[in-house]
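Throughout, protein chains are lettered first and strands after them, A, B, ... in sequence-line order, and every chain is numbered starting at 1. Not measured: the values here are computed from a predicted model.
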Amino acid sequence: MTDNAFILQSSPHFRDKDSVPKIMYAVIASLVPAVAASLYFFRLKALALLLCCVAACLVTEALFLWLRRKPLHSLRDGSAVITGLLLAMTLPPSLSLELAIIGAVMAIAIGKQVFGGLGYNIFNPALVGRAFLQTAFPVAMTTWIPPVALKIQTATYATPLANLRFEDAIAKGTLTPLKDLFIGNVGGCLGETSSFALILGGLYLLSRRVIDWRIPLGILLSLTAFTGVFWLANPEKYASPLFHILAGGLLIGAFFMATDLITSPITPLGTWIYALGIGLVIGLIRLFGGFAEGVMYSILFMNAFVPLLNRYTRPRILGEGGKA
Amino acid sequence: MEVLVPVITMGVLGILFSLGLVIAYRKLRVYEDPKIEQVAELLPQANCGACGYAGCRAFAEALVKGESTINSCPVSDAEGVKQISATLGVSAAEVVKKVARLHCRGTHEAAKNSGTYLGISTCDAAQLVGGNKQCSYGCLHFGDCVRACPFDALYMSEEGLPVVIEDKCTACGKCVEACPRNLFELHPISQGIIVFCRSVDRGPVSRKVCKNACIACGICSRACPEAIIIENNLAIITDYKKIDPEKIPEIEKCPTDAIGRLKKEDEG
Amino acid sequence: MRVKTFPHGIHPPEFKEFTAEKAIESLPLPEKVMIPLLQHFGKPAKPLVQKGDQVLLGQKIGEAQTLFSASVHSSVSGKVISVDNYNHPGGNPIPAVSITNDSQDLPFSEKEETKDPFSFSPEEIRQKVREAGVVGMGGAAFPTAVKLSPPKDKPIEIIIINGCECEPLLTSDYRLMLEAPEDILKGAELARIATGAKRIIVGIEDNKKKAFQIFQDKIQNFEGEVALLKTKYPQGAEKNLIYALLRREVPTGGLPFDVGVVVQNVGTAKAIWEAVSKGKPLYERVISVSGQGILEPKNILVRIGTPFKNVVEFCGGLKEDADILVMGGPMMGIVQWTLDVPVVKGTSGILAWAAPRPGLEYPCIRCGRCVDNCPMTLVPTQLARYVKFDDLTSAEKWGVLDCVECGCCQYICPSKIPLVHWMRVGKNRIMAMKQKKSA
Amino acid sequence: MKLSVRMVVVLTSIGLLSGSFLATVGHLTKERIALNKQREIEAAIIQVVPGTVSSQRLYEERDLSVYGGKDNEGNIIGFAIHASGIGFQDKISLMLGTNSSLERTNRLAILDQKETPGLGAKITDYEFFLTYWENRDCSVPLTLHKPAASSPEELSPTEVNTITGATISSEAVLSIVNGSLEQVRKLIQEGKLSSEAQDVN
Amino acid sequence: MSTKTIGQEFIKGLWDENPVFRQLLGLCPTLAVTNAVINGFAMGMATTFVLIFSSLVVSSIKKLIPSQVRIASYIVIIASFVTVADRFLAAFFPPISKSLGPYVPLIVVNCIILGRQEAFSSKNTVGRSVTDALGMSAGFVLAMLVLSAIREILGAGTFFGYQVMGPWFKPWIIMILPPGAFITLGILLAIALQIERRTKSRK
Amino acid sequence: MELLAIFVAAILINNFVLRYFLGICPFLGVSKKIDSAISMGLAVTFVMSITAVVSWVINHWILIPFKLDYLQIVSFILVIASLVQLVEMFIRKISPPLYQALGIYLPLITTNCSIFFLALMASLREYNFVESIIFGVGSGLGFTLAIILMAAIREQLDHAEVPEALKGAGIALIVAGIMALAFLGFSGMIK
């Protein structure tokens with residue numbers, strides 16, 4: 001044993017075993033139920049979209065890393081795969097593949113790499129990709145097909161939320177039953193239809209402590225409160241909070257999108273404000289906005305507030321304010 | 001009539017506006033010595049703060065007010081000093097060009113590592129865990145000085161030591177501040193002999209950890225006792241001016257190269 | 001009994017089983033000791049001996065110059081061979097008195113106190129503690145006499161005896177608590193008298209049930225109680241301990257004095273007792289030698305100034321794969337690059353193991369775990385960022401100076417960012433900046 | 001003092017010069033711009049009230065003007081209602097033609113809109129949208145047919161079509177139309193339509 | 001003041017001192033009216049007109065204006081020419097005037113124009129000032145054309161209103177909406193900077 | 001309700017910066033530090049509110065009665081420029097601390113197109129007096145919101161590995177683009 005072999009470092013000398021790739025792979029694992037559900041409900045369409053998005057994300061990421069002369073091994077951290085998966089999960093199953101690829105490229109390029117890559121982005125990359133597609137190709141992004149299991153033969157098929165917002169579903173009595181929403185036997189984006197699968201994945205993430213429990217809770221609370229008030233005031237016109245929770249992209253947003261570590265606040269108070277804000281804006285858009293669904297916009301909107309929240313919600317230091 | 005209305009309107013607006021400006025001009029003008037502007041323009045605008053003021057403009061103000069002298073600016077060259085002195089109407093003292101010199105020759109090869117350093121790659125961070133070198137006085141090789149230099153006058157050589165590019169060095173003193181081991185010092189550019197070591201360990205200890213350490217053998221001080229002494233296990237040049245050029249070869253017989261003139265590889 | 005604790009903190013693996021059941025052994029006297037003149041928080045002591053002097057065990061060889069300093073005593077009898085810079089486990093060489101041991105162990109003074117130690121006045125206690133060079137033995141080595149001298153406007157109510165030993169691997173305090181509980185409590189009582197406090201609270205983590213029971217038993221004779229604390233790191237950090245026991249917050253930049261508390265480590269309490277009752281200077285201490293890299297982990301009583309090499313050899317030496325050598329605990333200890341450093345008053349352990357290389361450092365993914373675990377409720381990632389980009393004003397505003405360097409953030413960080421290192425760099429730079437400004 | 005005077009003089013004279021210059025320019029372009037505006041309106045009136053030979057402004061306020069389309073004999077053969085309101089993004093300005101009894105729609109023209117291109121902006125599309133507004137029974141408020149019908153035959157007489165994916169824009173047009181029709185009816189009842197009548201040309 | 005030749009005075013506006021890409025001036029209209037090439041072009045032309053005539057007037061009367069009222073005077077002069085441009089478009093090109101909307105009057109506060117008066121025309125001869133104005137305008141028009149071409153081709157599949165992309169192409173509507181404008185300009189600026197960095201490092 | 005609609009629309013839906021591309025220069029220039037962004041935002045809001053009042057008065061008492069619509073551009077810009085100058089003088093006299101916080105941004109506002117646009121738009125949309133004020137305040141707050149968010153984001157991006165070429169205006173514009181995307185979600189909220 002020579003003297004020269006000792007390690008020189010600052011304390012602490014013990015390290016927890018969790019690492020960034022492990023966290024990322026936990027997120028991927030948590031998406032398994034939702035992916036499985038999408039494959040069940042939309043079959044090959046879903047498979048093709050998932051593969052295309054993941055591949056396009058990986059290729060774009062690799063291209064940028066190469067251009068910036070950074071080591072390619074950071075591809076293995078799994079973050080690009082998550083972006084691809086999450087993007088695919090929020091696309092309508094009928095979307096053509098080339099559009100999906102455009103979305104995936106945009107997600108990585110302007111959602112992530114322009115900020116410097118992993119850890120530096122301000123906005124959720126998957127949602128940036130989706131918002132780009134939604135704005136670039138609004139018709140394609142709001143054309144839905146029914147899930148295979150439903151065995152309906154119509155070319156277009158409204159999502160439960162569009163049905164509620166634009167077709168006066170409550171008055172006509174055609175509001176989608178909660179049971180279907182829970183199982184996922186409804187129209188909508190690949191991964192958002194099955195509430196059951198999403199809750200399963202979300203619970204796994206919570207148990208692994210990958211995501212902050214405050215975010216899903218805060219979103220659900222404020223959305224429930226907001227929609228609840230209107231529902232109680234006029235159940236003839238407004239759907240129940242439970243419907244709003246189960247329908248559309250709320251659960252995937254609350255468990256997988258808003259909780260994105262990088263783009264959510266790091267302080268507890270900031271996290272609460274962020275989560276409550278998302279729920280509120282979702283409620284506003286769904287009830288009064290021009291879109292049937294507002295999860296994507298509200299998360300992006302609140303993402304923009306995150307640096308501000310982080311800055312102004314510094315926790316009180318132990319002993320701060322006391323007299324020395 | 002149709003033409004008159006707009007003409008009158010515009011005329012009135014013009015009068016109102018110009019009156020406002022006149023009032024503004026007369027009521028709220030702040031007097032500033034035009035010299036400040038002139039001097040500020042002549043300063044190098046490096047805003048390095050070496051003069052002790054918050055940037056060149058603040059320094060210019062101090063100069064005009066007579067609170068400081070142009071010699072406090074180490075960055076200005078002789079020509080600039082002359083011009084500024086002329087503007088200020090004072091004669092400048094002779095300015096000797098100084099440059100920063102590193103007092104260490106502990107290259108990667110010469111100075112032994114103490115272990116595998118796994119930490120932040122800056123000198124001040126490494127210093128916090130005692131440094132990555134067995135020598136506790138020498139260069140840590142992480143280049144805080146290079147990053148601190150506002151003039152790009154420093155670079156890390158392949159041997160692992162920072163090298164001063166004399167032409168670019170303005171003796172602003174940033175590297176002196178940045179080095180956690182205080183290895184830099186400002187010397188007149190003409191200064192020939194320099195002690196390249198700061199180790200005050202006893203000779204045998206120093207020699208064990210670094211090939212180029214001063215081992216306090218005393219050859220140099222015996223060669224030139226009026227200017228060089230050995231104190232605290234280290235050769236110290238007490239008065240540079242007293243070094244007799246003829247004795248330089250004698251001084252350079254240092255067995256560890258810890259004192260002597262700059263060599264080619266130490267220069268830019 | 002309710003188990004008390006503080007918010008946040010972490011649960012690193014404890015590894016206490018290596019040495020927890022091993023009784024304290026005495027290390028054979030070393031041939032040579034190197035006693036640094038600075039082994040405490042504050043100014044170095046002024047050497048009282050020169051090369052060639054003959055010294056006796058317990059003889060004062062370094063005199064405290066100011067209040068924030070501590071005297072240094074010889075830990076052997078023998079001859080001074082040099083007073084020169086020597087490696088110091090704190091990192092940088094510091095003047096040290098090297099003494100060759102004549103193996104006589106002749107004590108400097110033999111006068112046994114005849115007076116009942118509890119009848120001393122506070123000033124007398126402080127004087128004896130100062131004379132004996134007692135410093136905090138938990139690691140920070142704050143001069144104990146200072147701790148026992150509360151300012152007049154800050155009355156002290158409670159003496160807390162810190163028996164948490166929350167650092168993994170270390171068991172020296174635990175062994176002391178098992179083997180010398182009376183001495184500890186008597187020392188605490190002296191501290192109580194010296195500060196005019198009303199009662200004593202001994203805080204013990206619930207992984208040391210045996211020690212807790214002994215103290216439960218012994219405390220009956222004293223004004224005080226024993227509190228059980230949750231096993232959590234850093235339960236033994238002063239500010240967190242005070243919060244856990246009393247729900248009082250030591251103000252930022254303040255001391256436990258500010259909330260009427262004085263905290264003493266169990267080892268320090270014992271040293272106080274010995275200093276006052278026997279006039280014994282602090283020239284030896286108990287340390288844990290442990291870790292997977294030590295062949296026979298042990299708790300040993302060691303003379304100050306003994307080279308690590310002697311200690312490690314006594315414990316069977318290092319394993320082949322041991323590549324990290326730490327003085328103190330794994331969370332806050334200081335790495336050593338050589339075994340050629342002396343044991344000092346603040347050395348609570350010598351640890352070695354085969355350290356896994358930290359994984360690839362990723363950019364911060366803002367998971368917020370450091371925020372959720374910081375016992376000081378700081379925002380470590382933000383602080384590290386501010387320091388990294390040299391925004392020292394913001395770093396200070398966000399409380400970098402309040403960081404206690406407990407290491408929770410860096411332990412938990414999935415991105416493997418050297419957060420504590422950045423904090424230390426930041427503190428260092430801020431101090432340098434302030435010095436420059438005041439100069 | 002001298003400087004101050006100069007400041008005032010210079011700025012005033014620049015103001016005067018500019019004023020007279022602009023007066024000239026304004027004068028020269030005034031008629032032409034007015035003409036352009038009028039032509040645009042006229043073209044729209046002719047479009048929505050076919051057979052119009054001359055037209056007359058019957059009423060004007062913010063966001064609502066009513067024109068009467070006249071045949072050769074000067075009889076009003078229909079109304080052209082110029083109304084505007086907020087759509088998905090911004091104001092939508094439209095011209096609705098009705099028969100003289102205000103019971104049937106003739107045609108609808110969108111004059112100005114900033115809806116989402118390719119989506120809400122389809123309200124300007126004749127095939128997709130405007131054709132479904134022709135010849136509707138507007139004696140009662142019109143309603144939207146949802147989901148979108150693929151041919152006019154699917155609609156009941158009081159229904160108009162939506163644009164798939166741009167329900168808000170369709171609703172906006174509908175509410176502008178229904179709102180302005182109601183207002184015009186009220187104006188007729190109050191007899192305000194003809195009192196302020198003035199010929200457009 | 002200037003030591004450049006007349007030719008250099010003109011050329012610099014195209015790249016070295018391009019108002020949009022290099023000086024980040026006049027970004028508001030650059031973003032706002034470049035959803036179609038025709039709009040961008042018309043806006044560029046209107047700006048050119050104002051810039052040239054303002055430079056002409058300002059450089060000819062620069063000696064008469066006391067420096068304290070120069071900004072005010074410039075604003076009045078610029079505003080007058082903007083009014084002319086606005087009225088002209090409204091009178092002779094009503095459709096363009098309509099689609100440009102209030103952005104034509106906004107030329108008044110386009111920093112390129114005031115900036116050039118302040119930085120150049122107030123110090124240089126009439127000839128130089130007009131050349132400089134021409135160069136700057138050319139640079140501005142160039143920037144407008146590049147940006148609007150990208151946005152129109154991707155956003156509508158057309159160029160100057162003519163179909164240029166095949167029927168397979170699905171227009172990216174986002175490009176003619178605000179987000180597309182911001183992102184495109186952001187990327188263009190980055191490209192411009194990258195080119196500049198490259199040429200610099202080669203030197 | 002109408003007033004609320006104008007107000008909300010001005011802040012969120014038709015945000016001056018993110019939808020009308022107004023005030024881009026200060027939006028990019030003064031958004032490097034959050035403190036200056038806040039001051040700039042407030043200064044703009046303040047001037048916008050006053051401009052809304054004054055331009056309404058000019059428009060409805062002078063330009064419209066005398067049929068001088070072609071003098072709109074010149075008179076509005078003159079009024080704004082002198083107004084800003086007067087406000088600056090006024091603040092400096094009344095409250096030096098406020099001047100330190102806002103005053104230095106005031107000269108920048110003269111050439112901020114959002115102010116001028118506000119005056120034009122209020123006249124184009126034929127807002128009445130109260131509506132003009134609401135529109136002015138709302139637009140100012142919309143600008144403030146956008147610039148503060150941008151400043152906070154940029155402060156964070158200062159510590160990010162943004163590619164060299166994108167640093168500064170490039171990345172700021174892309175962030176603005178994504179913010180504009182997010183704000184699109186509010187479209188259609190006001191009917």
Side-chain angles (χ1 to χ4, degrees), chain A residues 1-24 71 73-74 76-77 79 115-121 209-212 214 259-268 270-271 306-307 310-311 313-324, chain C residues 10 12-13 168 239-240 243 249-254 258-259 318 320 322-326 328 330-340 355-356 358-359 362-368 371-372 375-379 381-382 398-399 402 405 407 410-416 418 420-421 424:
Chain A
M1 172 101 245
T2 57
D3 277 352
N4 258 349
F6 287 129
I7 287 175
L8 296 174
Q9 66 182 13
S10 174
S11 61
H13 313 294
F14 274 11
R15 294 282 202 153
D16 190 40
K17 291 200 178 68
D18 226 351
S19 66
V20 170
K22 277 188 185 164
I23 290 178
M24 294 297 171
H73 62 68
S74 59
R76 277 187 310 217
D77 63 28
S79 59
F115 296 101
L118 178 69
Y120 298 120
N121 47 309
R209 291 175 179 243
V210 168
I211 59 172
D212 193 333
R214 299 176 188 99
T259 54
D260 175 25
L261 300 170
I262 298 155
T263 55
S264 59
I266 49 175
T267 62
T271 309
V306 168
N310 278 338
R311 196 186 142 110
T313 57
R314 172 170 73 76
R316 196 183 70 92
I317 300 168
L318 185 75
E320 191 177 12
K323 260 186 271 170
Chain C
I10 54 167
K239 293 183 177 182
N240 298 102
Y243 186 83
E249 292 185 16
V250 178
T252 51
D258 294 312
V259 289
L318 293 174
E320 271 296 299
D323 62 357
I324 186 163
L325 180 69
V326 175
M331 296 302 290
M332 290 185 71
I334 304 166
V335 286
Q336 306 298 318
W337 61 273
T338 167
L339 282 164
D340 193 17
Y362 281 86
C364 173
I365 56 164
R366 317 200 131 246
C367 63
V371 187
D372 286 341
M376 294 304 291
T377 48
L378 298 169
V379 187
T381 175
Q382 199 64 36
W398 280 62
D402 291 304
E405 299 173 22
Q410 194 170 334
Y411 173 82
I412 208 84
C413 178
S415 289
K416 312 295 172 201
V420 178
H421 205 173
R424 297 179 62 198

Which heavy atom of A:G119 sits nearest a heavy atom of C:P363, and at what distance? CA-CB, 4.5 Å
Rounded distance [0.5 Å steps], CD1 in A:I266 versus CD1 in C:I365: 12.0 Å
Hey, could you give me the CG/CG distance between A:L318 and C:N240, rounded to the nearest 0.5 Å? 6.0 Å
So, using ring pair (Phe, Tyr, Trp, His ring centres under 6.0 Å) as the criterion, who are the partners of A:Y120 when residues are at least two apart? none
With only heavy atoms counted, which part of C:C364 is less than 4.5 Å from chain A, the side chain, the backbone, both or neither? backbone
Chain A interface, residue from C:G333, C:P12, C:S415 that has the most non-hydrogen pairs under 4.5 Å: C:G333
Identify the two heavy atoms, one from A:P315 and one from C:V371, that lie closest to each other, and give their separation to 0.1 Å. CG-CG1, 4.3 Å
Nearest-0.5 Å distance, CD1 of residue A:I211 to SG of residue C:C367: 13.0 Å
Find the distance between CD1 (C:I324) and CD1 (A:I7) and round it off to the nearest 0.5 Å. 5.0 Å
Residues which pass side-chain contact (heavy atoms from CB on, under 4.5 Å) with A:D212, listed by chain and number, not counting sequence neighbours: A:R214, A:I215, A:T271
Using the side chain to side chain contact (heavy atoms under 4.5 Å, CB included) rule, take A:R314 and C:W398 through it: C-alpha gap first, then chi angles, then the decisive distance, then the call. CA-CA 8 Å; A:R314 172 170 73 76; C:W398 280 62; 3.4 Å; yes
Chain C contact via A:R316 - which portion, at a heavy-atom distance below 4.5 Å: both
Considering all heavy atoms of both residues, which atom of C:E249 and which atom of A:G319 are nearest to each other, and what is their separation? OE1-N, 2.8 Å
With a 4.5 angstrom heavy-atom cut-off, is it the side chain or the backbone of A:I23 that approaches chain C, or both, or neither? side chain
Proximity breakdown for C:P356 and chain A, heavy-atom pairs closer than 4.5 Å: neither
Of all the heavy-atom pairs spanning A:F14 and C:P168, show the shortest one and how long it is. CE2-CB, 3.8 Å
What residue, out of C:I334, C:T377, C:V326, C:T381, has the most heavy-atom pairs lying under 4.5 Å from chain A? C:T377
Please state whether the side chain, the backbone, both or neither of A:K17 comes within less than 4.5 Å of a heavy atom of chain C. backbone
Go through A:L118, A:V20, A:V210, A:N121 and name the one with the most non-hydrogen pairs under 4.5 angstrom from chain C. A:V20
Of all heavy-atom pairs linking C:Q410 and A:R15, the shortest is O-NH1, 3.0 Å
First locate atom CG of C:D402, then atom CD1 of A:I317, and finally report the distance between them rounded to the nearest 0.5 Å. 4.5 Å
Evaluate side chain to side chain contact (heavy atoms under 4.5 Å, CB included) for A:L8 paired with C:W337, printing each intermediate quantity in order. CA-CA 7 Å; A:L8 296 174; C:W337 61 273; 3.8 Å; yes
Shortest non-hydrogen contact from A:P21 toward C:Y362: CG-OH, 3.3 Å
Under the 3.5 angstrom rule, does the side chain of C:R366 hit a backbone N or O of A:T263 as a donor-acceptor pair? no
Segment of A:N310 engaging chain C (4.5 angstrom heavy-atom cut-off): both
Donor-acceptor pair, distance only, cut-off 3.5 Å: does the side chain of C:H421 make one with the backbone of A:Q9? no
